[in-house]
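Below is one structure, written out as structure tokens, with a few remarks after it.
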Amino acid sequence: MKFVQNEMYRTGDRVRFMDSVEDGTVVAVPDSSTLVIEVDGMRMRVSVTEVVPVPGVNLLEEQHLYDANTQAARFKGRQMSAVRAVRSGKEAMREAGTMEVDLHMDAVRRKYPAARNIPDEDALYVQLDVVDKSMAEAFRRGVRSVIFIHGNGRGVLRRELIRKLKEYPGVIFGEASQLRYEGGALEVFLK
């Protein structure tokens with residue numbers, strides 16, 4: 001596969017998603033309209049229309065990128081700090097009432113040290129246990145939605161995840177953002 005350089009984006013650039021305030025790093029530019037971005041160790045293919053470039057390390061420049069926040073702060077008569085002007089990553093998802101749970105076994109083993117010694121043939125049971133724990137935490141915290149990242153494999157985890165989610169009364173679930181998760185995630189909406 002040949003990668004081309006986009007006029008606006010290059011490998012290594014930081015970008016922020018338009019539909020959320022999560023950001024990532026460009027790892028490849030397959031064509032002029034598509035980017036491959038890495039966010040928290042997960043790679044995803046996105047359209048260039050879904051992201052905006054994030055300037056280097058200068059937080060003041062980053063604040064001016066989001067001019068609406070700066071203008072609102074001036075209107076109120078107080079200056080917003082550059083650090084609080086733009087949220088990113090998991091903090092923004094938390095504020096939006098969304099919880100993201102990665103069900104890949106390497107992520108589960110990192111988050112739950114007790115799962116490190118679980119053999120691979122028992123992985124499905126551990127992953128479904130993580131689903132139960134995450135749903136309990138979401139209900140306890142009053143979260144609006146939970147995104148379960150199951151990945152694109154043979155579909156065993158996805159089928160079991162759907163079966164498990166049907167056991168919860170009052171929840172609605174469907175495919176999470178196709179562009180962001182490439183069909184490897186379900187989003188659960190809680191009432």
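Since the model is a prediction, treat every value here as computed from it, not as a measurement.
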I'd like to know whether Ile37 forms a side chain to side chain contact (heavy atoms under 4.5 Å, CB included) with Val27, so could you lay out the CA-CA distance, the side-chain angles of the two residues, the decisive distance to 0.1 Å, and finally the verdict. CA-CA 6 Å; Ile37 298 178; Val27 293; over 6 Å; no
Do you reckon Phe189 sits in the same ILVMFWY cluster as Ile147, going by side-chain contacts under 4.5 Å, direct or chained? no
Salt bridge flag under 4.0 Å for residues Asp102 and Arg109: no
Answer whether the closest heavy-atom distance between the side chains of Glu50 and Leu179 falls below 4.5 Å. yes
Is there a side-chain contact between Leu186 and Ile162, using heavy atoms and a 4.5 Å cut-off? yes
Flag the pair Leu165 / Val188 as yes when at least one side-chain heavy-atom distance between them is below 4.5 Å, and no otherwise. yes
Applying side chain to side chain contact (heavy atoms under 4.5 Å, CB included), run through Val146 and Thr98 and close with a yes or a no. CA-CA 6 Å; Val146 181; Thr98 301; over 6 Å; no
Minimal heavy-atom distance between Asn152 and Tyr181, with the atoms involved, is ND2-O, 4.5 Å
Kindly confirm or rule out a cation-pi arrangement of Lys164 over Phe148, judged by NZ or CZ under 6.0 Å from the six-membered ring centre and within 45° of its axis? no
Any donor and acceptor pair, going by atom type alone, linking the side chain of Gln127 with main-chain N or O of Leu103 inside 3.5 Å? yes
What I want to check is whether the side chains of Ser145 and Glu187 have a donor and an acceptor closer together than 3.5 Å. yes
Backbone N/O of Val130 and side chain of Ser134: donor-acceptor pair under 3.5 Å: yes
Can you tell if the side chain of Val48 reaches within under 4.5 Å of the side chain of Thr34, non-hydrogen atoms only? no
If the threshold is 4.0 Å, N to carboxylate O, is there a salt bridge linking Arg158 and Glu175? yes
Glu137 bridged to Arg141 by N-O distance under 4.0 Å: yes
Apply side chain to side chain contact (heavy atoms under 4.5 Å, CB included) to His104 and Ile149, showing your working. CA-CA 7 Å; His104 290 91; Ile149 304 169; 3.7 Å; yes
Under a 4.5 Å cut-off applied to non-hydrogen side-chain atoms, are Leu161 and Phe173 in contact? no
For residues Tyr112 and Tyr125: do they belong to one hydrophobic cluster (side chain heavy atoms under 4.5 Å, members Ile, Leu, Val, Met, Phe, Trp, Tyr)? no
Between the CE atom in Met135 and the CZ atom in Arg140, the distance rounded to the nearest 0.5 Å is 13.5 Å
Under 3.5 Å: donor-acceptor pair, side chain of Glu160, backbone of Leu157: no
Roughly how far, to the nearest 0.5 Å, is CG of Asp129 from CD1 of Ile118? 9.5 Å
What closest approach, in Å, do Leu190 and Ala138 show between heavy atoms, and which atom pair accounts for it? CD1-CB, 3.6 Å
Going through the distances and angles, do Leu35 and Val51 end up as a side chain to side chain contact (heavy atoms under 4.5 Å, CB included)? CA-CA 9 Å; Leu35 301 172; Val51 295; 3.8 Å; yes
Are the side chains of Arg16 and Pro53 in contact, using a 4.5 Å heavy-atom criterion? no
Under a 4.5 Å side-chain heavy-atom rule over Ile, Leu, Val, Met, Phe, Trp and Tyr, are Phe139 and Ile172 clustered together? no
Crowding at CZ, Arg154 (>12 non-hydrogen neighbours, <6.0 Å): no
Could you tell me whether the side chain of Arg10 reaches within less than 4.5 Å of the side chain of Val29, counting heavy atoms only? no
Could you check whether any side-chain heavy atom of Asp132 comes within less than 4.5 Å of a side-chain heavy atom of Tyr168, counting everything from C-beta outward? yes
